[in-house]
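By convention in this document, chain letters (A, B, ...) are assigned in the order of the sequence lines, proteins followed by strands, and residues within each chain are numbered from 1.
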Protein chains: 2
Amino acid sequence: MIVLPTLDRKSRRHSATRDEILTAAWELARSEGLAGISMRDLAARVGMRSPSLYTYFTSKHDIYDAMFAQGWRAYLERIAALGKLPSNPRRALRRVLREWGEFFVEDPERFVLLCQRTIPGFEPSRQSYAVSLEAVDHARSVLESLGITGQKALDLLFALTTGLISQQIANDPGGDGWTRLVGDVVDMYVDHCAPAERGKGA
Amino acid sequence: MIVLPTLDRKSRRHSATRDEILTAAWELARSEGLAGISMRDLAARVGMRSPSLYTYFTSKHDIYDAMFAQGWRAYLERIAALGKLPSNPRRALRRVLREWGEFFVEDPERFVLLCQRTIPGFEPSRQSYAVSLEAVDHARSVLESLGITGQKALDLLFALTTGLISQQIANDPGGDGWTRLVGDVVDMYVDHCAPAERGKGA
DNA sequence: GTCTATATTTGGATAGAC
DNA sequence: GTCTATCCAAATATAGAC
């Protein structure tokens, strides 16, 4: 007898409830702040009492960890959904950064969890961290197509983007400052890091 | 009879104790994190019990508020101590940003309180906020000497600097990444925002 | 799997004696 | 001004019945 690699009814149900809890956790994060999530409130939102949550997650940090992985997976999906990037490398970078910015600006608490990591005591597990590294690798490959290599340039790009997003969130939440600035910023960055590309912005 | 505008013995003592508490608060912030300060621990560190703190501050937020103002005042002193800035505007900006970076990298919790403001529920009072605005005005005047004006350019500068510092603190705490990058960053920024200055970096 | 009940800890803040 | 004693609220997590 062959056991199919699908989950049985019970496991599927378990997994669905986990997802339901995570969805509620994101909602709660958006309304109360990420650090403002309490097990009581979270349970109430899915029609449970707090002890029942421990059937699905071993601790509150375990929930944050699942959210962290889920967040980065959502990012990878968004980038994948962009399809083929423009062949002009500068345009490609612009396209990716615009998406990056919209992704985080539309949900500031996601930015806090994924990029700022200011939740006291929380550190992602090895598996969840691995998901975030895929996003870094993707950025690296886009830079390489521009002839930009090295950790320094990558660090600079992240500093630039995360700095802008956090300013945007702090000063103009929900606004479109990012979208309006991203073109400028890409030009500034590329002109500096890949001078050979200067003037090829088209 | 003339009342001199100096504080009497009692007020001086009161003020000295306040300072002592604030110093202990910074120490505690550096070891436990800013959000990890508790009134009990803080009191213990100055040889008191927690209720006594309320003689000097009305609440915990009141302590954060005093720290906020103290932090920005310390920044203004550091900048003032630089003396006359180089007449070359690009060098002047480099000098200021280098100091800015060292000031915050050497005490990450200060950066959190002054620039990130992620303490739940804390907002600086009008007076304390005014101190921080002096720092912004100083940056604006340095930019003006470069012929760079407008809120957008100022925002971009802050995004760039705070982004870099938070990356530095997260990835290489205590390192000198900032110092090594600041020249690059200034060139990149000035080339973009004040093209007329291009090549005048000396 | 879910519940009630509760352990445990921790925190800010206050009352009132001295 | 400082203390002891205490209040009150909130939170995570566990034990054990159903």
Side-chain angles (χ1 to χ4, degrees), chain A residues 7-25 27-29 31-68 109 113 118-125, chain B residues 7-25 27-29 31-68 109 113 118-125:
Chain A
L7 301 171
D8 59 22
R9 203 192 312 272
K10 199 160 143 191
S11 297
R12 268 200 314 254
R13 170 90 206 199
H14 188 84
S15 177
T17 306
R18 260 181 76 103
D19 283 349
E20 202 186 329
I21 292 168
L22 290 178
T23 300
E27 287 168 13
L28 213 47
S31 67
E32 306 294 317
L34 200 62
I37 295 177
S38 81
M39 298 300 266
R40 275 192 230 295
D41 293 349
L42 178 54
R45 192 171 275 258
V46 292
M48 281 180 183
R49 302 304 180 107
S50 55
S52 305
L53 294 177
Y54 292 85
T55 304
Y56 302 97
F57 298 93
T58 67
S59 69
K60 192 182 178 181
H61 275 29
D62 192 23
I63 294 177
Y64 283 135
D65 192 59
M67 293 170 81
F68 181 88
E109 294 303 318
L113 181 62
T118 50
I119 308 300
F122 168 66
E123 233 185 321
S125 64
Chain B
L7 301 171
D8 61 21
R9 202 190 312 273
K10 198 161 144 193
S11 297
R12 267 202 312 256
R13 168 92 206 195
H14 189 85
S15 177
T17 305
R18 260 181 77 101
D19 283 349
E20 203 186 329
I21 292 168
L22 289 179
T23 301
E27 287 168 14
L28 212 48
S31 67
E32 307 293 317
L34 200 60
I37 296 176
S38 82
M39 298 300 267
R40 276 166 171 68
D41 293 350
L42 179 53
R45 192 172 274 258
V46 294
M48 282 180 181
R49 303 303 180 106
S50 55
S52 305
L53 294 177
Y54 291 85
T55 305
Y56 302 97
F57 298 93
T58 67
S59 70
K60 193 182 177 182
H61 275 29
D62 192 23
I63 295 178
Y64 283 135
D65 191 59
M67 293 170 80
F68 182 88
E109 292 303 318
L113 181 63
T118 51
I119 308 299
F122 169 66
E123 234 185 321
S125 64

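R49(A) has its CZ atom 9 Å from the C1' atom of dT4(C), to the nearest Å. Atom CZ of R40(B) is separated from atom C1' of dG12(C) by 8 Å (rounded to the nearest Å). Between the CD1 atom of I119(B) and the C1' atom of dG12(C) there is a distance of 15 Å, rounded to whole Å. Straight-line distance from the CE atom of M39(B) to the C1' atom of dT9(C): 19 Å, rounded to whole Å. Atoms OH (Y54(A)) and C1' (dA7(C)) sit 13 Å apart, rounded to a whole Å. Taking atom CD on E32(B) and atom C1' on dG11(C), their separation rounds to 15 Å, with Å as the unit. Atom NE2 in H61(B) sits about 16 Å away from atom P in dG11(C), given to the nearest Å.
Looking at heavy-atom distances under 4.0 Å, S59(B) makes contact with sugar-phosphate atoms alone, never a base. Nucleic acid contact for S38(A): sugar-phosphate only, since backbone atoms but no base atoms lie under 4.0 Å from a heavy atom of the residue. Residue G47(B) is in sugar-phosphate contact alone, with no base atom involved, counting any heavy-atom pair closer than 4.0 Å across all strands shown. Backbone-only contact: Y56(A) has heavy atoms under 4.0 Å from sugar-phosphate atoms and none from a base. Within the nucleic acid shown, I37(B) comes within 4.0 Å of sugar-phosphate atoms alone, with no base atom in reach, counting heavy atoms only.
Under the side chain to side chain contact (heavy atoms under 4.5 Å, CB included) criterion, S52(A) pairs with M48(A), not counting sequence neighbours.
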Going through the distances and angles, do D62(B) and S59(B) end up as a side chain to side chain donor-acceptor pair (under 3.5 Å)?
-> CA-CA 5 Å; D62(B) 192 23; S59(B) 70; 5.5 Å; no

Would you please test T55(B) and T17(B) for side chain to side chain contact (heavy atoms under 4.5 Å, CB included) and show each step?
-> CA-CA 10 Å; T55(B) 305; T17(B) 305; over 6 Å; no

Take L34(B) and M67(B), measure what side chain to side chain contact (heavy atoms under 4.5 Å, CB included) needs, and give me the verdict at the end.
-> CA-CA 11 Å; L34(B) 200 60; M67(B) 293 170 80; 4.1 Å; yes

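Using cut-offs of 30° and 60° for the angle between ring planes, the F122(B) and H61(B) rings count as perpendicular.
When DNA chain D is scanned in the 5' to 3' direction for atoms under 4.0 Å from non-hydrogen atoms of chain B, the outermost contacting nucleotides are dG1(D) to dA5(D).
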